[in-house]
Amino acid sequence: ATARYGETFYAFLPRVVIGELRSSWRIECDRLRRKGLSMMHHEIPVYCLASLTIAFALAALTGPMAFPFFIVQSIVAIILFQSVNYVEHYGLERAEVSPNQFEVVQPKHSWDAPTRITNHI
């Protein structure tokens, strides 16, 4: 997701996290529909359950403080990832040429520095 011009990180973070969850749910539902599969094959709840299982397993193996530590480190990881996303995409927009149709991605739509030195770093 792109951080809108003038949007603070604190406004960006909840918008993007909720938006990405909704988008991933919709994409998975579309995938199931195309394949003719029921919601029993939906993978997102499985991944959430896997994360909780890992958190509880860590708590069982290392003590009860592991569970809140796992949750906090997960939140920190999300915030760090989205802060990079915010900085890398701040204010980048493509013009809408027709409804739901945007101009082709060009170098001006990116903060990339595709030079030999940055590719080796």
Side-chain angles (χ1 to χ4, degrees):
T2 294
R4 298 173 181 137
Y5 184 74
E7 182 178 36
T8 67
F9 178 71
Y10 302 104
F12 169 79
L13 184 63
R15 178 179 68 82
V16 165
V17 170
I18 292 167
E20 287 176 352
L21 288 171
R22 285 181 180 158
S23 175
S24 63
W25 191 271
R26 187 177 52 253
I27 289 167
E28 179 65 2
C29 288
D30 291 345
R31 182 188 73 84
L32 294 174
R33 208 172 297 116
R34 277 193 316 274
K35 291 187 171 200
L37 298 172
S38 71
M39 290 297 285
M40 293 299 295
H41 293 86
H42 206 292
E43 293 182 357
I44 293 174
V46 173
Y47 296 138
C48 292
L49 185 61
S51 291
L52 283 174
T53 301
I54 291 169
F56 281 118
L58 285 171
L61 292 170
T62 62
M65 285 305 296
F67 186 81
F69 180 80
F70 183 86
I71 299 301
V72 169
Q73 73 82 29
S74 297
I75 292 168
V76 169
I78 290 168
I79 291 170
L80 288 173
F81 176 76
Q82 293 301 348
S83 66
V84 170
N85 193 8
Y86 177 82
V87 170
E88 287 181 348
H89 299 107
Y90 180 79
L92 298 176
E93 294 181 3
R94 291 186 293 150
E96 193 169 7
V97 292
S98 62
N100 293 327
Q101 193 76 2
F102 293 89
E103 66 181 312
V104 176
V105 177
Q106 299 173 16
K108 70 178 182 176
H109 299 116
S110 173
W111 289 107
D112 287 347
T115 62
R116 206 171 277 161
I117 187 97
T118 57
N119 287 336
H120 290 295
I121 292 180

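A quick note: this is a predicted structure, and the numbers were derived from the prediction, not measured.
Contacts classified as ring-ring contact (aromatic ring centres under 6.0 Å, His included) and involving residues 36-66 (residues at least two apart or in different chains) are given here: W25-H42, F56-F67.
Environment of CZ in F81: sparse, with no more than 12 heavy atoms of neighbouring residues, nucleotides or ligands closer than 6.0 Å. Other residues, nucleotides and ligands contribute at most 12 non-hydrogen atoms within 6.0 Å of the CE atom of M65.
By the criterion of side-chain heavy atoms lying less than 4.5 angstrom apart, applied directly or through intervening Ile, Leu, Val, Met, Phe, Trp or Tyr residues, L52 is not grouped with F69; the two fall into different hydrophobic clusters. Linking ILVMFWY side-chain heavy atoms closer than 4.5 Å, directly or via other members, places I44 and L37 in a single hydrophobic cluster. Connection of L80 to V72 is established within a shared hydrophobic cluster, with ILVMFWY side chains joined at heavy-atom distances below 4.5 Å, either directly or through further cluster members. Grouping the Ile, Leu, Val, Met, Phe, Trp and Tyr side chains by contacts below 4.5 angstrom, directly or via other members, places I75 with L21. Both I79 and V16 belong to a single network of hydrophobic side chains, linked directly or stepwise wherever heavy atoms of I, L, V, M, F, W or Y lie under 4.5 Å apart.
Rounded to the nearest 0.5 Å, atoms CD (E88) and OG1 (T2) are 11.0 Å apart. Atoms CD1 and CG, from I78 and N85 in turn, are 12.5 Å apart once rounded to the nearest 0.5 Å. The structure places CG of L58 at 11.0 Å from OG1 of T53, a figure rounded to the nearest 0.5 Å.
Panel note: side chain E28, backbone E43; a donor-acceptor pair is recorded below 3.5 Å. Formation of a donor-acceptor pair under 3.5 Å by the S23 side chain with backbone atoms of G19 is not found in this model. Looking at Q73, its side chain never comes within 3.5 Å of a backbone N or O of A77 through a donor-acceptor pair.
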Give the table of side-chain donor-acceptor pairs shorter than 3.5 Å for residues 4-12, with sequence neighbours excluded, one pair per line with atom names and distance.
residue : atom : partner : partner atom : Å
E7      : OE1  : R4      : N            : 2.9
E7      : OE1  : R15     : NH2          : 2.9
E7      : OE2  : R15     : NE           : 2.9
T8      : OG1  : A11     : N            : 3.2

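I18 places a side-chain heavy atom less than 4.5 Å from the side chain of R22.
Here the closest non-hydrogen pair linking A95 and E103 is N-OE2, 2.7 Å. Here the closest heavy-atom approach between residue P64 and residue P68 is recorded as O-CD, 3.2 Å.
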request  = Output, in order, the C-alpha distance, side-chain angles, deciding distance and verdict of side chain to side chain contact (heavy atoms under 4.5 Å, CB included) for I27 and R31.
outcome  = CA-CA 6 Å; I27 289 167; R31 182 188 73 84; 5.6 Å; no
